[in-house]
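Just below is one structure, and these are the notes that go with it.
Within every chain, numbering begins at 1; the chains are lettered A, B, ... in the order of the sequence lines, protein sequences first and strands thereafter.
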There are 2 protein chains.
Amino acid sequence: MTQTSSRLLKLLSLLQARRDWPGNELAERLEVSGRTIRRDVERLRELGYPVESLTGPAGGYRLRAGSAMPPLLLDDEEAIAIAVGLRTAARASVTGIEETAVRALVKLEQVLPAHLRRRVGALGSATFTLPMAGPTVDPQHLTAIAAASRDSECLRFGYRRRDGTDSRREVEPHSLVNLGRRWYLVAWDRGRQDWRTFRIDRMARPASTGVRFTPRRLPAKDAAAYVEQSIAGAPNRYEARVTLLAPAEEVAKRVPSHWGTIEPLDARTCEYRTGDDDLGWLALRIAMLGFDFEVQEPPELLEHLRALALRLERAAA
Amino acid sequence: MTQTSSRLLKLLSLLQARRDWPGNELAERLEVSGRTIRRDVERLRELGYPVESLTGPAGGYRLRAGSAMPPLLLDDEEAIAIAVGLRTAARASVTGIEETAVRALVKLEQVLPAHLRRRVGALGSATFTLPMAGPTVDPQHLTAIAAASRDSECLRFGYRRRDGTDSRREVEPHSLVNLGRRWYLVAWDRGRQDWRTFRIDRMARPASTGVRFTPRRLPAKDAAAYVEQSIAGAPNRYEARVTLLAPAEEVAKRVPSHWGTIEPLDARTCEYRTGDDDLGWLALRIAMLGFDFEVQEPPELLEHLRALALRLERAAA
DNA sequence: GGGATTGAGGACAGATCCTGACCTAAATAG
DNA sequence: CTATTTAGGTCAGGATCTGTCCTCAATCCC
C-alpha cells in the first residue's frame with residue numbers, strides 16, 4: 001500500500017506544482033495507466049481535496065481550493081522561502097499573527113532537512129528589522145522556546161534582570177507571548193518555585209534540557225493576561241498625536257493602516273495618531289512620512305526630533 | 001485504499017503537531033490496533049520520512065528532520081501565518097528569495113480555502129513596507145502574474161508608461177523578476193508583437209484572460225539578464241559612502257549585514273557603504289542608524305538630508 | 001537487580017483493495 | 001462533425017491490509 005499512498009502524494013504534489021494537468025501526462029509521470037489516474041483522482045476527492053476536471057481537448061485536472069488545507073508539498077526553495085517568511089512574520093509585530101508564525105515555524109523546523117536549515121540560517125542573518133526598532137529577538141531563540149513549551153520540556157537559559165544582574169534559570173515553559181514589539185515567556189521557575197515572565201531579548205542561549213514535566217495550571221485567565229498584569233506600569237508607552245500638513249487622502253496612501261490612524265482636520269491638514277514604546281522609533285516613523293508636521297504631544301517627542309535634526313544638520317554641513 | 005492513505009496523512013499530521021507520541025495514543029486517535037500503527041510507521045519510513053522511536057516507559061515515536069521535505073500538514077492559523085509571512089518575504093527585497101516566495105505563495109493560494117483567503121487579505125492590508133520605501137507592489141498582483149506565467153495563460157492589464165500615458169496590454173507572461181526593490185514582468189506583448197518588460201507597480205488590475213499560449217523562447221540568457229539589459233541606464237542608482245563617528249563593532253551590532261558594509265577607519269570611526277535607487281530612502285536609512293556621521297558621497301544625499309533636517313526643525317520648533 | 005512498560009516484528013487467515021484491460025458514454029474545442 | 005479527453009462500469013488475478021497471538025529487546029523506576 002505504500003505504493004498507492006506515495007503515488008497519491010506525488011499526484012497531489014504535481015497538482016500543486018502546476019494548475020492544469022492532462023490525465024495521460026499524469027499517467028506517464030506516475031507510471032500507471034490512465035484508469036488508475038482516474039481512480040486516484042477519485043480517491044483524492046474522497047479525501048476532501050477538490051480536483052476539478054474538464055473534458056474535451058485542452059481538458060485535464062486541476063486542484064481547486066477546498067474547505068480544508070491539503071498537505072503542502074514543497075520543494076527545497078519553497079521551504080526556505082517559507083521559513084524565512086515566517087521568521088520575518090514572527091518579528092513583524094504589527095499584525096497579530098506572530099505567535100502563530102512561531103508555531104508554524106516550529107513545525108517546519110522540526111522536519112526541515114539539515115542542508116536547508118543551514119541555508120535558512122544564512123539568509124536569516126540578514127536581519128530585516130530596522131536598526132532603531134529596539135532590541136531584536138533571535139528567531140532561533142523563539143523557536144527553541146516554542147518547541148520546548150509545546151513539548152513540555154524544561155528550558156535552561158541565562159537571564160539579565162532589569163537591574164543588569166545575570167542569573168541562570170531553569171524553568172518549565174508555559175507559553176510564549178507577543179505584546180507590542182516584545183516577546184515574553186511565561187514559565188514556572190524551578191529555582192524560585194514560582195511563576196515568572198521573562199523577556200526573550202534578555203535571555204542568553206535558551207536550550208531545552210530534555211527533561212519532561214507535567215504542565216501546571218497558570219494562575220491567570222491566559223498567558224497574555226498574565227504577562228499584562230505582571231508588566232503593568234513598566235512599559236512606558238507613548239502615544240503621539242501630530243498634525244500633518246497634507247490632505248488626509250494623500251497621507252492614507254502612504255501610511256499602512258496598522259501604523260496609526262488618520263483623521264482629516266480640514267482640506268489641507270490631518271491628524272495622525274500612533275503609539276510606541278520607543279520614542280526614537282516613534283520620531284522616525286513620523287519623520288519618514290515625508291510630510292511637514294507639528295507635534296501636539298507628547299512633549300518628549302520634541303526633544304528627540306530636535307536631537308535628530310541636529311545630527312542631520314551636522315552631517316549636511 | 002483511501003483509508004490507509006488518509007490514515008498515513010493523519011499520522012504524519014499528528015507527528016508534526018507534537019514531537020513525542022506514544023504508540024498506543026496514536027492507535028487510539030487513529031482507531032486502529034497498535035500493530036497497525038507500527039506498520040504505518042514502517043510505511044512512513046519506507047516513504048523516506050525518518051520516524052524515530054524509543055522503547056521503554058516514556059518512549060514513543062517522533063518525526064525527525066530527514067533529507068527531503070515531508071508534506072506539511074497545516075492547520076488554518078498556520079496556513080494564514082505562512083501566507084502573510086510569504087507576502088512580506090516577497091516584498092522584503094533584501095534576501096534574494098523574493099521570487100521563490102512568490103512561487104510558494106502561488107502554490108499556497110491555489111489551495112487556500114476561501115475563508116482563509118479572506119483572513120489573509122484582511123491581514124495583508126496591514127502593509128509592512130515602510131512609507132518611504134518607494135512604490136509598493138500589491139502581493140495580489142504578484143501572485144496573479146506569477147500564476148498566469150506558471151500556467152502559460154495570457155495576462156491583461158493597464159499600464160502607465162514612464163511618460164505617464166496609459167495603455168491596455170495583453171501579453172504572454174514569461175517570468176517575474178525581482179531586481180533591487182522593484183518587480184518586473186518579462187512578457188511577449190501580443191499587441192506590439194515583441195518582447196517587453198513591465199514594472200509591476202505601474203500595472204493596473206492584472207488578470208488572466210484564461211487564454212493559453214505556447215511559451216516562446218526568450219532572446220536572452222534568462223529573464224533577469226533580459227530585464228537588466230532593457231533597463232540599463234534607467235535605474236539611477238545611488239551608492240552612499242558615509243563616515244560614522246562610532247566604533248565599527250558598535251555599528252555592526254545595529255546594522256543588518258545586508259544593508260551595507262562597515263569598514264573600521266580607526267578606533268572611533270568607521271565607514272558605511274550602502275546603495276539604493278531612492279535617495280530619500282537612503283538618507284533615512286543612514287539617519288536611522290542613530291550615530292553622528294559625515295557624508296562622503298553622493299552630493300545629492302546632502303540635499304536630502306538638509307531638507308529632512310529642516311522639516312524636523314520646523315516640527316520641533 | 002527485577003519488574004513494568006513500550007516498541008519490534010514474524011506468522012497467519014480472512015477480508016479487502018488495487019490494477020490493468022476493455023468498453024461505452026458524455027462533454028468540448030476546433 | 002470529428003477528434004480528444006474525462007467518467008466510470010465490469011472483471012479477474014494478484015497484492016495488500018488488518019487484527020490476533022506471540023516472543024524479544026530496550027529502557028525506566030523502584
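Distance B:Arg7 CZ to D:dT16 C1': 12 Å, rounded to the nearest Å. Taking atom CZ of residue B:Arg43 and atom P of nucleotide C:dA8, one finds them 14 Å apart after rounding to whole Å. Atom CG in B:Asp40 sits roughly 12 Å away from atom P in C:dA8 (whole-Å rounding). For the pair A:Leu26 CG and D:dT5 P, the computed distance is 13 Å after rounding to whole Å. Here the C1' atom of nucleotide C:dA8 and the CD atom of B:Glu46 are 15 Å apart, to the nearest Å. As a whole-Å value, the separation of A:Arg62 CZ from C:dT28 P is 14 Å. Atom pair A:Asp20:CG and C:dA29:P shows a separation of 13 Å (rounding to whole Å applied). Atom P of nucleotide D:dT18 and atom CD1 of B:Ile37 are separated by 10 Å, given to the nearest angstrom.
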Please list, for nucleotides 1-3 of chain C, all pairs of protein and nucleotide N/O atoms separated by less than 3.5 Å.
none

Expected rows: protein N/O vs nucleotides 6-14 of chain D N/O, under 3.5 Å:
unit_1 : atom_1 : unit_2  : atom_2 : d
D:dT6  : OP1    : A:Gly23 : N      : 2.4
D:dT6  : O3'    : A:Ser53 : OG     : 3.4
D:dA7  : OP1    : A:Ser53 : OG     : 2.5
D:dA7  : OP2    : A:Tyr61 : OH     : 2.6
D:dA7  : N7     : A:Arg38 : NE     : 3.4
D:dG8  : N7     : A:Arg38 : NE     : 3.1
D:dG8  : O6     : A:Arg38 : NH2    : 2.7
D:dG9  : N7     : A:Arg35 : NH2    : 3.4
D:dG9  : O6     : A:Arg35 : NE     : 3.0

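The side chain to side chain contact (heavy atoms under 4.5 Å, CB included) search around A:Arg169 returns A:Phe157, A:Tyr159, A:Arg161, A:Ser167, A:Val171, A:Asp189, A:Arg192, A:Arg196, A:Phe198, not counting sequence neighbours. Partners of A:Trp188 by ring-ring contact (aromatic ring centres under 6.0 Å, His included), not counting sequence neighbours, listed by chain and number: A:Trp195.
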Tell me, with the steps shown, if B:Glu25 and B:Arg18 meet salt bridge (charged side-chain N to carboxylate O under 4.0 Å, His left out). CA-CA 12 Å; B:Glu25 198 169 334; B:Arg18 206 212 284 176; 2.9 Å; yes
Let me see the working for B:Val41 and B:Tyr61 under side chain to side chain contact (heavy atoms under 4.5 Å, CB included), right down to the final yes or no. CA-CA 9 Å; B:Val41 167; B:Tyr61 298 92; 3.8 Å; yes
Would A:Ser53 and A:Arg45 count as a side-chain hydrogen bond (donor to acceptor under 3.5 Å, both in side chains) here? Give the steps. CA-CA 11 Å; A:Ser53 52; A:Arg45 286 176 181 149; 3.2 Å; yes
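Looking only at atom types and distance, the side chain of B:Gln110 has a donor-acceptor partner in the side chain of B:Arg150 under 3.5 Å away.
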Determine all donor-acceptor pairs shorter than 3.5 Å in which one atom belongs to a side chain in residues 66-83 of chain A; sequence neighbours excluded.
unit_1  : atom_1 : unit_2   : atom_2 : d
A:Asp75 : OD1    : A:Glu77  : N      : 3.1
A:Asp75 : OD1    : A:Glu78  : N      : 2.8
A:Asp75 : OD1    : B:Arg103 : NH2    : 3.2
A:Asp75 : OD2    : B:Arg103 : NH2    : 2.6
A:Asp76 : OD2    : A:His115 : NE2    : 3.4
A:Glu77 : OE1    : A:Arg119 : NH2    : 3.1
A:Glu77 : OE2    : A:Arg119 : NH1    : 3.2
A:Glu77 : OE2    : A:Arg119 : NH2    : 3.4
A:Glu78 : OE1    : A:Asp75  : N      : 3.0
A:Glu78 : OE1    : B:Lys107 : NZ     : 2.9
A:Glu78 : OE2    : B:Arg103 : NE     : 3.4

Scan the side chains in residues 211-221 of chain B for donor-acceptor partners under 3.5 Å anywhere in the protein, sequence neighbours excluded, and list what turns up.
unit_1   : atom_1 : unit_2   : atom_2 : d
B:Arg212 : NE     : B:Asp151 : O      : 3.4
B:Arg216 : NE     : B:Glu172 : OE1    : 2.8
B:Arg216 : NH2    : B:Glu172 : OE2    : 3.4

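Residue B:Arg212 is out of contact with every strand shown, counting any heavy-atom pair closer than 4.0 Å.
Heavy atoms of other residues, nucleotides or ligands lying less than 6.0 angstrom from CZ of A:Arg202 number more than 12.
Taking side-chain N and O atoms only, A:Thr4 has a distance below 4.0 Å to OP1 or OP2 of C:dT19.
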